Amino acid sequence: MNRTPPEPVHIIKERREAVLKALVGGVPYIGFLGVQFDRRGDELTAVLPFRDDLIGNPLLPALHGGATAAFLEVTAIIVLSWSLLWDNMEKGNGPPLDPANLPRLPKTIDFTIDYLRTGLPRDAYARARVNRSGRRYASVHVEAWQDNHTRPFAQASGHFLLTGRDD
Amino acid sequence: MTDVLNSARNFMQALPHSRALGMQIVEIGNGRATVTMPWDARFVGDPVTGVIHGGAVSALMDTASGAAVMCHPAGPQGTATLGLRIDYMRPATTGETITARAECYHVTRSVAFVRVTATDEDALRPVAMATGTFTLEGVAP
């Protein structure tokens, strides 16, 4: 019995971080909004650090509905892409993933946002769940909260077109 | 009318996130608003093609919709987005300004209903369309 020893944990972590960094770093708009991603295993949490220019209504003050929508959509797209890359990244079958040459991002077909509470002038967090991911289409749900995870301030769901998977 | 447009422009300048995205109100009144957002490399969502991120288009359509609600003859004192459903029909052409035209087509005492279309310089083929519901504050019953 010849068993291949498990890969050292730091190699696995480095590979995952490199792919995530390339995925997120390749999109200028994610940098413009300032969204970051925390990773624990395969679970991603998007973080939107508060900045004054995310405000929509300065009188309240409240986060701009458009900034909230964009934060949710960015989270959905990155979490979906990450889930599509995961198997390839982990199994290492086929050519290894090149962080400089990742597959094209999914395209949003439709996106529906519910604003549940006023977005406060502080950091926001979001997690997305891929409810279905087929050959061409995927359906993703995403939820955002601020101080209390049990009190989400916005949620959204959308359909995405998976491009470049069979062409 | 010029006064209305000027105060609308000031209003827009007072919305930090809309200002950060370079938005300009070009037409407003009677429950309708037209808002533009020039192409900017920082707003790109697909690094391969240079196409603007859907999130920036959503922010533009949300802003135009809110402006349409605020200039409705019912005279609301404030508004906030309740829900927004967006369809993305095609990628916006790289380098072109995106224009959102919003119409607040119905209001009740507490809710405003809006439809909005986003186009690039080819105004005949929409980039995205959305419908939204907004709160209405300060409307006399």
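Fair warning: this is a prediction, and the values are worked out from it, not measured in the lab. When reading the values below, keep in mind they use all heavy atoms of this one structure, side chains included, and skip hydrogens, waters and symmetry mates. Throughout, protein chains are lettered first and strands after them, A, B, ... in sequence-line order, and every chain is numbered starting at 1.
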Heaviest contributor of heavy-atom pairs below 4.5 Å to chain B, chosen from A:Val74, A:Thr118, A:Thr112, is A:Thr112
With chain B, the option among A:Ala156, A:Pro61, A:Ala69, A:Gly56 that has the most non-hydrogen atom pairs under 4.5 Å is A:Gly56
Are A:Val24 and A:Val79 co-members of a hydrophobic cluster defined by side-chain heavy atoms under 4.5 Å apart? yes
Shortest non-hydrogen pair, A:Gly26 vs B:Pro47, comes out as O-CG, 2.9 Å
Bottom line for B:Ala80: the part with an atom under 4.5 Å from chain A's heavy atoms is neither
Heavy atoms only: give me the nearest B:Ser18-A:His64 pair and the separation to one decimal. OG-NE2, 3.0 Å
Which heavy atom of A:Ile55 sits nearest a heavy atom of B:Pro16, and at what distance? O-CD, 3.3 Å
Max heavy-atom pair count under 4.5 Å with chain B, selected residue of A:Ile77, A:Thr108, A:Asp114: A:Thr108
Of A:Asn57, A:Leu63, A:Asp52, A:Leu33, the residue whose pairing with B:His17 passes side-chain contact (heavy atoms from CB on, under 4.5 Å): A:Leu33
When only pairs under 4.5 Å are counted, which of A:Val27, A:Ile109, A:Leu105 shares the most heavy-atom pairs with chain B? A:Ile109
What are the two closest heavy atoms between B:Asp62 and A:Tyr115, and how far apart are they? OD1-OH, 4.4 Å
Is it the side chain or the backbone of B:Thr49 that comes within 4.5 Å of chain A heavy atoms, both, or neither? side chain
Does any backbone or side-chain atom of B:Asp46 lie under 4.5 Å from a heavy atom of chain A? Answer side chain, backbone, both or neither. side chain
With only heavy atoms counted, which part of B:Val44 is less than 4.5 Å from chain A, the side chain, the backbone, both or neither? both
